[in-house]
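These notes concern the structure reproduced below.
Numbering of residues begins at 1 and proceeds along the displayed sequence.
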Amino acid sequence: MTNLVLQVQNLSVMFPSQARRAVDGVSFALDRGQTLGLVGESGSGKSVTALALLGLLPAAAQVQGEVWFYPQSRGPVNLGQLTPRERRHLRGSHLGMIFQDPLSSLNPVYTCGFQLVEAIRQHRRIPRAAAWDRALELLGAVNLAGPELARTLLQRYPHQLSGGQIQRLMIAMAISCQPELLIADEPTTALDVTVQAGIVQLLSRLQQQQNMALIFITHDLGLIADLADWIAVMYQGSIVEAGPVGEVFRDPQHPYTQGLLACRPQPQRQMLYLPTVADFLGVTKDSRGGIHIQAKAISPEQQQVDPDLAHRRLQQLTQQPPLLQVQDLQVRLGHHLVLDQVSFTLFPGETLGLVGESGCGKTTLARTILGLVQPAGGRVWFAGQDLGQPRAREASRQHIQVVFQDPFASLDPRQTVGAAIREPLVIRQGPRPQQWERVAELLTQVGLQPDHRDRYPHEFSGGQRQRVCIARALALNPQLIICDESVSSLDVSVQAQILNLLKRLQQQFHCAYIFISHNLAVVKFMSDRIMVMYAGKIVEVGPAEAVYHHPQQAYTRSLIAAIPGQKLPQGT
């Protein structure tokens with residue numbers, strides 16, 4: 001019996017509305033018990049490849065090539081020649097998939113238990129009671145809960161579970177019939193690093209127990225280093241580099257792979273600027289529209305900076321009068337104390353990183369500073385004014401702005417981006433024709449074109465939409481911008497562009513940032529000081545270098561240990 005479980009030969013996918021192939025000549029093979037990491041930016045063809053393997057593409061998609069699956073219970077199967085009924089039989093029983101957004105994969109009107117039992121009974125002809133017992137067993141297998149709590153969780157609806165819980169539920173559903181191949185498409189995007197680490201460990205353990213083949217799709221090479229045996233790097237629909245993970249990471253040959261490795265924040269190094277994929281790629285087109293890639297020389301700006309630079313900068317910043325002072329802040333939701341005696345100081349031009357897991361109170365703290373949540377106790381001063389006073393609060397609104405995590409949800413889909421950026425100016429000044437000049441200036445400052453003002457949010461990529469949100473936040477020349485998980489859902493290459501942009505704008509406008517994230521590597525790159533929150537309290541605060549290299553609290557050490565990609569060679 002062959003150890004081969006999947007063989008893909010010259011797979012290509014074309015959509016009628018697109019000028020080029022979404023997937024172009026992809027070939028690879030996968031053995032049982034092996035993990036293939038499929039990496040690349042959004043639009044590189046990763047998810048389309050996965051959907052093509054399972055026959056989940058729209059009917060209009062034109063698929064060429066062969067996909068052979070080798071189940072243990074029967075002979076080789078050409079997945080492209082199956083009838084819809086035969087595909088449905090294989091999906092779930094032999095082939096499983098975990099999608100990126102678990103909440104959108106579940107029906108909000110049915111309980112989690114109903115949907116998990118339904119998935120089991122779809123492929124296993126067993127009584128409902130036996131399927132329910134299997135569901136409880138699966139929750140234990142994915143480390144979700146003990147027997148008693150598991151029953152409670154199964155009776156809840158999807159929106160009543162946390163992000164980590166609902167992703168574990170989806171994993172339980174995907175492995176419910178012990179598939180021979182599991183495809184995980186960005187299963188940890190936007191999850192806390194500690195939850196993310198738990199999901200990766202869980203998948204690795206389940207794979208070993210069931211000798212299951214795994215295709216793990218992500219834009220984060222750090223995760224691949226922790227999980228995969230082999231890696232395939234996709235760029236514009238093609239695999240541009242493939243091989244054993246260790247070999248590719250030690251000596252990447254393709255400039256695109258080199259760029260993906262370099263644009264990750266590397267907390268062990270002190271960087272002034274994050275390289276981007278564009279720094280490594282020279283892309284040209286021939287007369288037929290063919291794309292050619294050449295390596296580019298790396299700018300000296302990307303070298304490691306003087307380790308004393310951060311210390312001198314922080315000394316200069318803290319010699320100024322404070323911009324923001326928070327003292328003994330308390331916030332209650334019902335009987336639950338969400339913020340407990342939170343105190344800190346922020347100086348003009350400083351970036352204060354706020355890190356912690358979901359539910360620790362980071363966003364509640366930001367919303368309280370913005371005046372969107374009423375505190376139960378404590379004081380907040382901004383530029384020497386007590387924000388507890390209505391007049392001071394109203395005066396502060398134009399000086400404190402926010403950039404949220406989801407740029408698409410932050411913008412009105414019926415409003416052009418130019419109108420969205422102009423809106424703060426209209427609210428404060430009334431409509432004036434010269435405001436459009438300010439809109440054009442802001443678009444240019446965030447790396448967009450002035451004529452982009454007439455486009456709508458859906459016409460931009462995720463990174464471009466976040467640039468629009470940053471431009472809107474800058475419209476009133478604020479003294480403080482709160483960035484609440486503003487890069488957590490972006491590709492690492494786009495993330496690097498946004499982080500570099502924020503740093504450049506801070507130098508230009510001398511604004512202060514409160515930079516909120518669950519990713520300590522990103523916070524370390526951005527911040528002058530880091531503040532660590534746990535269960536509504538500040539458990540550690542200090543210079544970024546000191547907190548990372550010499551953490552005083554066990555919780556901070558756990559966040560550092562959960563940063564993915566620590567197996568990667570440093571400096572790549």
Among residues at least two apart in sequence or on other chains, which ones pass side-chain contact (heavy atoms from CB on, under 4.5 Å) with Ala130?
Ile126, Pro127
Residues at least two apart in sequence or cross-chain that pass salt bridge (Lys or Arg N to Asp or Glu O under 4.0 Å) with Glu137, listed by chain then number, are Arg134
Stepwise side chain to side chain donor-acceptor pair (under 3.5 Å) check, Gln72 with His94
CA-CA 9 Å; Gln72 290 181 314; His94 296 276; over 6 Å; no
So, does Ser410 use its side chain to make a donor-acceptor pair with the main chain of Asp406 at under 3.5 Å?
yes
Is there a donor-acceptor contact under 3.5 Å from the side chain of Gln207 to the main chain of Gly33?
yes
Taken to the nearest 0.5 Å, the spacing of Leu182 CG from Ile175 CD1 works out to 8.0 Å
Test of understanding: with salt bridge (Lys or Arg N to Asp or Glu O under 4.0 Å), list the residues that count as partners of Lys362, not counting sequence neighbours.
none
Taking the six-membered ring for Trp, are Tyr555 and Tyr534 parallel (under 30°), tilted (30 to 60°) or perpendicular (over 60°)?
tilted
Pairwise distance CG(Leu502) to CD(Gln497) - rounded to 0.5 angstrom
12.0 Å
Quick test of your reading: applying salt bridge (Lys or Arg N to Asp or Glu O under 4.0 Å), list the pairs with at least one residue in residues 517-526, sequence neighbours left out, ordered by first then second residue.
Lys524-Glu545
Any pair counted as side-chain hydrogen bond (donor to acceptor under 3.5 Å, both in side chains), so long as it reaches residues 106-127, sequence neighbours left out:
none
Any residue meeting salt bridge (Lys or Arg N to Asp or Glu O under 4.0 Å) with Asp340, in chain and number order, not counting sequence neighbours
Lys537
Using only atom types and a distance under 3.5 Å, with no angle test, would you say the side chain of Arg32 pairs donor to acceptor with the backbone of Val5?
no
Indicate yes or no: at least one non-hydrogen side-chain atom of Phe15 is less than 4.5 angstrom from one of Val13.
yes
Enter the distance from Thr556:OG1 to Met533:CE here, rounded to the nearest 0.5 Å.
12.5 Å
Please report the interatomic distance CG(Leu51) to CD1(Ile183), rounded to the nearest 0.5 Å.
8.5 Å
Specify the closest pair of heavy atoms between Leu337 and Gln330, including all atoms of both residues, with the distance to one decimal.
CD2-NE2, 4.2 Å
